Q: 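Encoded as structure tokens, here's the structure I'll be asking about.
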Amino acid sequence: MFHSMTPSHHDILALHHVTKIYRNGTRPLTVLHDLSLTIESGETCAIVGPSGSGKTTLLGLCAGLDRPTSGEVHLAGHPLHQLSEDELADVRCRSVGFVFQSFQLIPTLTALENVSIPLELRGSAQARAAAVELLQRVGLEDRLQHYPTQLSGGEQQRVALARAFVHRPRILFADEPTGNLDEDTSAPIVQLLFSLNHDAGTTLVLVTHDMELARQTQRIIRLKGGSMIEDSATNRSRYKKTATS
Amino acid sequence: MAWRDSRGSRRRLLLAATAIACGLAALVAIASFGANVREAVHNQAKILLGADLVLSSRQPFGTETEAEIATLGGDQSREVRCNSMAYFPKSGNTRLVQVRALAGHFPYYGTLETTPPDATHTFAAGPLALVDDSLLYQFDAQVGDAITIGNFSFTIAGRLLKIPGEAGAASLIGPRVYIPFAYLPQTALVQEGSMVTYRVYFKLPKETDADRLLDTLRPHLNKYNVEGDTVQKRAASVGKMLENLTRFLNLTGFVALLLGGIGVASAIHVYMTEKLATVALLRCLGARQQSLFAIYLVQAVALGIFGAVLGAAGGVGIQQTLPRLLHDFLPVRIETTLSWSALGQSLTAGVGIVFLFSLLPLLAVRHVSPLQVLRSSLAEQLAPRRDPWRAGVIALILLGVFLFALLHTEHWWQSFLFCAVLVAAFLLLAVIASAIMAATRAMVSPSWPYVWRQGFANLHRPHNQTLMLLLALGLGAFLLMTLQFVQQALVDQVSRRHNANQSNLIFFDIQTDQREALTRLVGSFSLPTTQHAPLVTMRLTAVKGIAVETLRNEKRPDIDEWALRHEYRATYREQLIDTETLVAGTWQGKSESLAQQVPISLEEEVTKALSVTVGDPLEFDIQGVPIKTTIASIRKVDWQQIKPNFFVVFPAGVLEGAPQTYLLVTRTPSSEVSATVQRAVVGKFPNVSAIDLTSMLQTLDTLLSRIVFALRFMALFSIAAGLFVLVNAVLTSRQQRLKESVLLRTLGASRRQIAGILVAEYALLGGFAALSGTVLAVFASWALSRWWFEAVFAPPLIPALLAVVVVTCVAILTGLIGNRSVVRHSPLEVLRRES
């Protein structure tokens, strides 16, 4: 295998024999089957696969949004499978950033307020200053007091990017970050995403259909029918090594 | 299509109908109750009077009148009514009661309801009395016990449960005691100057028209100051009084219905906002504007019909409680039956309100462009800023409200006033609510905890229902608190005056020869005599040289008849007292003799009622002696001070020789001392009566509480409608809230923080609503106290604070219960929605 299955101190994320079964009435539906993987700190990787392959379920489990039916998930040193809902929330609040396909901004809050949320939830006194800095970084210094409805799609995703990085997360999960954007708008967003990620040294886990985008990460994990069918390094990989399961 | 389109939203739409159902339930109950009351008055008209004709006078009937009565024939009963102290030897308690000495078979229609039931027939046979049930209950007295009235002791033969044509509340003010007419002389209650009413009841032959008979008697009756009453007259006056009551309640119910209407409008507004994409798609596929408008109008009307039917069913249930609630104030027995016409009217009003109120949000359908399917941001650009149809619909709503009010008020100006007050209340509430919100919003600082800032932000969310909720909850709170504040102001007013005055016991009907002894007796208890006044009973015989009889026959519009009929109890003295202020003329405290025109002082309101002023001559008759007077001065009297006050004050030196009684005012330190003094006085001077102001205050409070309770019951419907609006709003906005909460959970918010945001939002909403309602209630109570009741209003802080806390808690609870699933939802959903 390409990576060791035993969590090491370099690993930010480790999944160990993770299975997820949903019950649809009395019929069990196995969405992920005995999946193990580790992701090193600072690594960028993309999870790809057809619809229904289990990408979103995997992202949910990795980010502590859901619990595995069996197996273990360790994120930033925390055994997620053993934590309560509020403990999971705390891990997300401190260590995880998110970028969504449809931006997911709160319509009642201004751009500045939206970006402040992760720090606000922690009770940080520097929330506003950090949010202003990030918004400047994404080129929205003149849009601080705008509400989401007053921003274009590209601008909304920039706000979402700023929000994702504002609390300096150790790992960032991005779910089809350019799925709702046209080609012209996508390119600068992708550039911004990788640039922010590079500067912050954050681990990036990307779920996407877009192979071009996936190839910009260091590693591609391909899922099919709930199993990992490929885990390969890209040209950008530090390891330049390919493995298939 | 309307039916298919509503798929998935039906449950929510039906829930919105509950707000309208609540208002309609109130309306159906009251309208049906009103119909029952009209029917009861019609069916029980004769019972209301108990006879075909009643003649009454404050003086014994003269020989001419007696001769006239004798010629009228039929069956006749006699009654003498006066106020006196009743003394219960067993417990030693005394209480001012209304004594009715009865001879004959009255009541001819209906019966005096007693326990035991035959007591009504047997009490006339001996020294027996029928005593008000509430009085016996108060003093724990039983049938068979003794009761002393005046100089004579009666045995209680029965508990008096109901007197035909009289409301139960009357017994609160003056409990009634029936004694046989034959024993009246033994009581020695009727003395010179005593306040007594003489009555004769007639059961006339069937062919006699009592009204026509009364008309023929009128000149004679006017001449001798005798009043006449017939079944038709009584039924008309009782009917009018009850009609006013149901009309008032109807308008209260209508306010609840209007709140429901606003709730529906708001629910449809949110519904339509969500439907805009569907509308745009249908437009894209070729649907015409009118067809789409019709689809949603049909849905709204269906919602209205459902709410109306639901409300009608509830109203029929509530209708059963109204007669019980108003029992004390109803002189007729109400049979609760469903009035189909009332039901029909209310249903029409309910559906009409929903129709009118839903037109407002439905207008938006006309502006949906098919282009919105491609670009949803077009929605904001395409909606015109000013839609003339909007103004038209608002005008239609106002017209609808006016027409409804017109059906339930006597004059068009009352309907207009109702609409104006309603619009003003809504506008004021909206302004106050917006002002409070703006002020607090300006205060929000980045240093505040995040959950509170987010709670505030939620009040301004797109498609928020904040203002509507503030109106709905605020109006309910306003109604309830105004009732509470006004009742408090009235009771406070009386008790404040009472305390300041300190005098709390008045003895009256004191004869000249008892005056000295009674003053000594009161003094023997170390009680001071704070006021002493002679009372001379007189009647007005001429105003500005025109005989009262002529004025009454002419029915002059500038003169109130009561002022002509009134039996004046005048006093005489040299000085003004502290409750009086001179407003015109010169006070003359002394006059020499009766030979010349006596300069008197008249109370301001009486001068208005008689259309007289300083310098005008008035003629009085004091037990056969005519007295010519001139109005020398006009006084303003502060009637709210519980002190003996007078319409007519004579100067000293004129009436000293006239037949008169006295009253004495004293101050007792406790109710025990008051009871002891009353017992001693009644024991020694049985004809003397006493009013204990402390217990009168309690009576006033009880009476007000009962009235306010009935009104509050109706106001509760507005509160309930407001709550349903809140519940609907909570459920309507739940989806949006859910989306946000799940996102916040994803970003790391704990359940506690999510719950905190909800608490903050609903606390602010409830708090602002209650605060707006309270501000308006304080304003309205102040205005009512100042101009209507002429009482001093001090805003009661504790009830106001309590109301704010209760409304806030209710709002928080509703918000938390309605959103409990929001707190519980898994953050994973944010990803599921994405994929």
Side-chain angles (χ1 to χ4, degrees), chain A residues 51-52 55-57 59-61 63-67 84-98 100-110 112-114 116-125 127-128 147-150 152-153 163-164 167 169 173 175-176 179-180 207, chain B residues 273 375-381 441 444-464 466 733 735-757 760-761 823-835:
Chain A
S51 293
K55 298 188 300 291
T56 306
T57 305
L59 188 70
L61 289 172
L65 299 174
D66 201 4
R67 293 161 192 281
S84 71
E85 278 298 326
D86 278 342
E87 284 167 338
L88 285 175
D90 193 53
V91 171
R92 288 197 299 273
C93 186
R94 291 178 188 285
S95 311
V96 181
F98 287 98
F100 303 103
Q101 180 178 350
S102 51
F103 327 133
Q104 299 288 358
L105 300 177
I106 294 182
T108 49
L109 304 182
T110 60
L112 181 61
E113 288 166 338
N114 262 293
S116 313
I117 292 175
L119 287 174
E120 297 268 19
L121 290 173
R122 263 196 231 173
S124 163
R128 194 183 155 84
Y147 286 92
T149 49
Q150 298 167 319
S152 71
R163 181 180 68 189
H167 56 307
F173 293 98
D175 184 20
E176 298 280 11
N180 268 12
V207 167
Chain B
T273 312
R375 290 183 72 89
S376 60
S377 58
L378 271 177
E380 283 176 18
Q381 297 163 22
R441 201 177 169 188
V444 175
S445 134
S447 62
W448 285 20
Y450 170 69
V451 290
W452 279 97
R453 278 185 290 137
Q454 177 70 39
F456 250 104
N458 283 354
L459 296 185
H460 307 288
R461 66 171 66 241
H463 316 311
N464 72 71
T466 307
S733 60
Q735 279 311 314
Q736 193 184 347
R737 205 178 301 281
L738 196 67
K739 207 171 143 189
E740 283 173 17
S741 298
V742 165
L743 177 63
L744 285 173
R745 294 276 288 140
T746 307
L747 295 179
S750 65
R751 285 180 193 193
R752 209 178 142 154
Q753 283 172 312
I754 300 290
I757 292 170
E761 180 180 346
V823 183
R824 281 208 305 258
H825 262 273
S826 155
L828 188 68
E829 283 179 29
V830 75
L831 285 180
R832 292 274 164 233
R833 265 203 310 270
E834 294 276 313
S835 57

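The sequence lines fix the lettering, A, B, ..., with proteins before strands; numbering per chain opens at 1. All figures in this text were calculated on a predicted structure; none of them were measured in a lab.
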Q: Below 4.5 Å, heavy-atom pairs only: which of A:Ala89, A:Gly179, A:Gly97, A:Pro118 has the largest tally toward chain B?
A: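 Result: the option with the highest number of such pairs is A:Ala89.
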Q: Nearest heavy-atom pair of A:Ile117 and B:Leu747: which atoms, and what distance?
A: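 Smallest heavy-atom distance, with atoms named: CG2-CD1, 4.2 Å.
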Q: What are the two closest non-hydrogen atoms of A:Arg92 and B:Arg745, and how far apart are they?
A: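 Taking every non-hydrogen atom into account, NH2-O, 2.6 Å.
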Q: For A:Arg163, is it the side chain, the backbone, both, or neither that has a heavy atom closer than 4.5 Å to a heavy atom of chain B?
A: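 Contact with chain B: side chain only.
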Q: Is there a side-chain contact between A:Gln104 and B:Thr746 (heavy atoms, below 4.5 Å)?
A: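 No, their side chains stay 4.5 Å or more apart.
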Q: Is atom CZ of B:Arg751 surrounded by more than 12 heavy atoms (other residues, nucleotides or ligands) closer than 6.0 Å?
A: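 Above 12, so yes.
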Q: Which value, rounded to the nearest 0.5 Å, describes the distance between B:Gln454 atom CD and A:Glu113 atom CD?
A: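 It is 8.5 Å, given to the nearest 0.5 Å.
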Q: Quick test of your reading of the model: are A:Glu120 and B:Arg453 salt-bridged, counting only N-O distances below 4.0 Å?
A: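 Yes.
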Q: Taking all non-hydrogen atoms of both residues into account, name the closest pair between A:Cys93 and B:Gly748 and its distance.
A: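 Closest approach of A:Cys93 to B:Gly748: CB-O, 3.6 Å.
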